[in-house]
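Just so it is clear, the structure is predicted and the values come from calculations on it, not from any experiment. Along the sequence shown, residues carry numbers from 1.
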Amino acid sequence: MKSATFPSIRVEPELRDAAESVLGEGETLSNFIEHSIREGIERRRNQSEFIARGIASREAARRTGDYLPASEVLEKLERRLDALRDTRRKPR
(Lines give C-alpha, C1' and ligand atoms only; values in the text may rest on other atoms or scores of the structure.)
Protein backbone atom coordinates (compact mmCIF):
# COMPACT_ATOMS: atom_id res chain seq x y z
CA MET A 1 0.00 0.00 0.00
CA LYS A 2 1.31 3.42 -0.92
CA SER A 3 1.62 5.99 1.81
CA ALA A 4 -0.09 9.35 1.60
CA THR A 5 0.62 12.75 3.10
CA PHE A 6 -1.47 15.31 4.90
CA PRO A 7 -1.61 18.80 3.49
CA SER A 8 0.88 21.28 4.86
CA ILE A 9 -0.61 23.77 7.25
CA ARG A 10 0.65 27.15 8.33
CA VAL A 11 0.66 27.81 12.06
CA GLU A 12 1.86 30.56 14.35
CA PRO A 13 5.49 30.11 15.36
CA GLU A 14 4.35 29.91 18.99
CA LEU A 15 2.21 26.85 18.24
CA ARG A 16 5.08 25.09 16.52
CA ASP A 17 7.39 25.97 19.43
CA ALA A 18 4.80 24.64 21.91
CA ALA A 19 4.48 21.38 19.97
CA GLU A 20 8.23 20.93 19.77
CA SER A 21 8.59 21.65 23.48
CA VAL A 22 6.50 18.62 24.44
CA LEU A 23 8.10 16.06 22.13
CA GLY A 24 9.30 12.90 23.81
CA GLU A 25 12.85 11.65 23.52
CA GLY A 26 13.48 10.57 19.93
CA GLU A 27 10.04 11.75 18.84
CA THR A 28 9.75 13.90 15.75
CA LEU A 29 7.21 16.59 15.03
CA SER A 30 5.84 14.35 12.28
CA ASN A 31 5.39 11.48 14.79
CA PHE A 32 3.63 13.83 17.18
CA ILE A 33 1.28 15.14 14.49
CA GLU A 34 0.44 11.65 13.23
CA HIS A 35 -0.24 10.44 16.77
CA SER A 36 -2.42 13.48 17.46
CA ILE A 37 -4.44 12.91 14.31
CA ARG A 38 -4.96 9.23 15.17
CA GLU A 39 -6.11 10.17 18.69
CA GLY A 40 -8.46 12.81 17.29
CA ILE A 41 -10.00 10.32 14.89
CA GLU A 42 -10.45 7.75 17.68
CA ARG A 43 -11.98 10.35 20.01
CA ARG A 44 -14.46 11.49 17.37
CA ARG A 45 -15.42 7.89 16.53
CA ASN A 46 -15.95 7.15 20.22
CA GLN A 47 -18.09 10.27 20.60
CA SER A 48 -20.22 9.33 17.59
CA GLU A 49 -20.68 5.78 18.84
CA PHE A 50 -21.54 7.02 22.35
CA ILE A 51 -24.17 9.39 20.98
CA ALA A 52 -25.62 6.68 18.74
CA ARG A 53 -25.88 4.27 21.72
CA GLY A 54 -27.53 6.99 23.80
CA ILE A 55 -30.08 7.76 21.10
CA ALA A 56 -30.81 4.06 20.58
CA SER A 57 -31.24 3.60 24.33
CA ARG A 58 -33.58 6.57 24.54
CA GLU A 59 -35.67 5.24 21.67
CA ALA A 60 -35.82 1.77 23.22
CA ALA A 61 -36.93 3.29 26.53
CA ARG A 62 -39.64 5.31 24.81
CA ARG A 63 -40.77 2.26 22.85
CA THR A 64 -40.91 -0.10 25.83
CA GLY A 65 -41.66 2.41 28.58
CA ASP A 66 -38.88 0.75 30.59
CA TYR A 67 -36.78 3.56 32.03
CA LEU A 68 -35.99 5.32 35.28
CA PRO A 69 -36.47 9.00 35.93
CA ALA A 70 -33.21 10.95 36.10
CA SER A 71 -33.92 11.86 39.72
CA GLU A 72 -33.92 8.17 40.70
CA VAL A 73 -30.67 7.49 38.88
CA LEU A 74 -29.01 10.51 40.48
CA GLU A 75 -30.22 9.48 43.96
CA LYS A 76 -28.84 5.98 43.45
CA LEU A 77 -25.49 7.36 42.31
CA GLU A 78 -25.38 9.74 45.26
CA ARG A 79 -25.97 6.85 47.68
CA ARG A 80 -23.14 4.88 46.06
CA LEU A 81 -20.81 7.87 46.34
CA ASP A 82 -21.76 8.39 49.98
CA ALA A 83 -21.08 4.73 50.74
CA LEU A 84 -17.65 4.94 49.09
CA ARG A 85 -16.83 8.12 50.99
CA ASP A 86 -17.85 6.45 54.25
CA THR A 87 -15.60 3.45 53.65
CA ARG A 88 -12.64 5.70 52.91
CA ARG A 89 -13.20 7.74 56.07
CA LYS A 90 -13.21 4.72 58.37
CA PRO A 91 -9.82 3.97 59.93
CA ARG A 92 -8.32 0.61 59.06
Side-chain angles (χ1 to χ4, degrees):
M1 175 170 54
K2 287 175 74 174
S3 63
T5 60
F6 280 101
S8 297
I9 58 169
R10 296 217 173 268
V11 297
E12 298 289 325
E14 296 82 14
L15 179 59
R16 183 181 173 115
D17 291 343
E20 288 176 338
S21 74
V22 298
L23 293 178
E25 190 174 328
E27 183 179 30
T28 65
L29 191 54
S30 293
N31 295 139
F32 177 78
I33 292 169
E34 180 183 355
H35 182 75
S36 297
I37 291 169
R38 289 181 188 281
E39 284 183 337
I41 291 167
E42 185 66 21
R43 184 174 46 257
R44 288 184 182 200
R45 283 182 178 158
N46 287 338
Q47 285 174 335
S48 294
E49 291 168 5
F50 177 80
I51 290 168
R53 286 192 311 271
I55 291 170
S57 179
R58 179 192 65 192
E59 294 307 314
R62 285 182 178 165
R63 192 174 53 256
T64 64
D66 185 22
Y67 61 92
L68 295 173
S71 59
E72 278 185 46
V73 173
L74 291 174
E75 285 174 22
K76 190 174 183 178
L77 289 171
E78 192 64 42
R79 285 193 302 271
R80 289 176 68 182
L81 279 171
D82 289 342
L84 282 170
R85 287 180 186 128
D86 289 344
T87 59
R88 290 178 186 236
R89 285 186 197 136
K90 292 180 182 176
R92 293 180 184 192

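From L74, atom CG reaches atom CD of E78 across 8.5 Å, with rounding to the nearest 0.5 Å. For the atom pair OH of Y67 and CZ of R58, the computed distance is 12.5 Å after rounding to the nearest 0.5 Å. Distance check: E75 CD to R80 CZ gives 14.5 Å after rounding to the nearest 0.5 Å.
Here the closest non-hydrogen pair linking V73 and L68 is CG2-CB, 3.9 Å. E20 and L29 make their closest contact through OE2-CD2, 4.1 Å (heavy atoms, listed as atom of the first residue, atom of the second, distance). Taking each heavy atom of A19 and F32 in turn, the nearest pair found is CB-CE2, 4.1 Å. L84 approaches T87 most closely through the heavy-atom pair O-OG1, 2.8 Å. Scanning both residues, G26 and N31, for their nearest heavy atoms gives O-OD1, 4.4 Å.
Counting non-hydrogen atoms of neighbouring residues, nucleotides and ligands closer than 6.0 angstrom, the CD atom of E72 exceeds 12 such neighbours. Within a 6.0 Å sphere centred on CZ of R16, other residues, nucleotides and ligands contribute 12 heavy atoms or fewer.
Grouping the Ile, Leu, Val, Met, Phe, Trp and Tyr side chains by contacts below 4.5 angstrom, directly or via other members, places V11 apart from F6. Note: the hydrophobic cluster containing I41 also contains I33 (ILVMFWY, side chain heavy atoms under 4.5 Å, direct or indirect links).
The pair E34-R38 meets the salt-bridge criterion, since a charged nitrogen lies less than 4.0 angstrom from a carboxylate oxygen.
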For this session: Given salt bridge (charged side-chain N to carboxylate O under 4.0 Å, His left out), test R79 with D82 step by step and report yes or no.
Result: CA-CA 5 Å; R79 285 193 302 271; D82 289 342; over 6 Å; no
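Using a distance-only test at 3.5 Å, with no hydrogens or angles considered, no donor-acceptor pair links the side chain of S57 to the main chain of R53.
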